[in-house]
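A short worksheet on the structure shown next.
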Amino acid sequence: MNFPPQLQQKIEKWASSQGISTEEFILQAFAEKIIYVVSDRFLQEITGHKRSPLPY
């Protein structure tokens, strides 16, 4: 994927600090977002309320 240089550097730094590749870091980030969206939809279905957006 093509990210702006500053973002690419941050991704590389975060991935390195976790001992994983940049690709694995990006995949984990996507997976976390998907889980958040799916669980939010489920909670909305059973409670009728939306969860607050992520703080970032």
- Partners passing side chain to side chain contact (heavy atoms under 4.5 Å, CB included) against Phe30 (at least two apart in sequence or in another chain): Met1, Ile26

- Query: Minimum heavy-atom separation for Ser21 to Ala15, with atom names?
  - Reply: O-CB, 3.7 Å

- Closest heavy-atom contact between Phe25 and Ile11? CD2-CG2, 3.8 Å

- Task: Any side-chain hydrogen bond (donor to acceptor under 3.5 Å, both in side chains) involving residues 6-16? Give me the pairs, sequence neighbours left out, ordered by first then second residue.
- Result: Gln8-Glu12

- Drop me the distance from Asp40's CG to Glu45's CD, to the nearest 0.5 angstrom. 10.5 Å

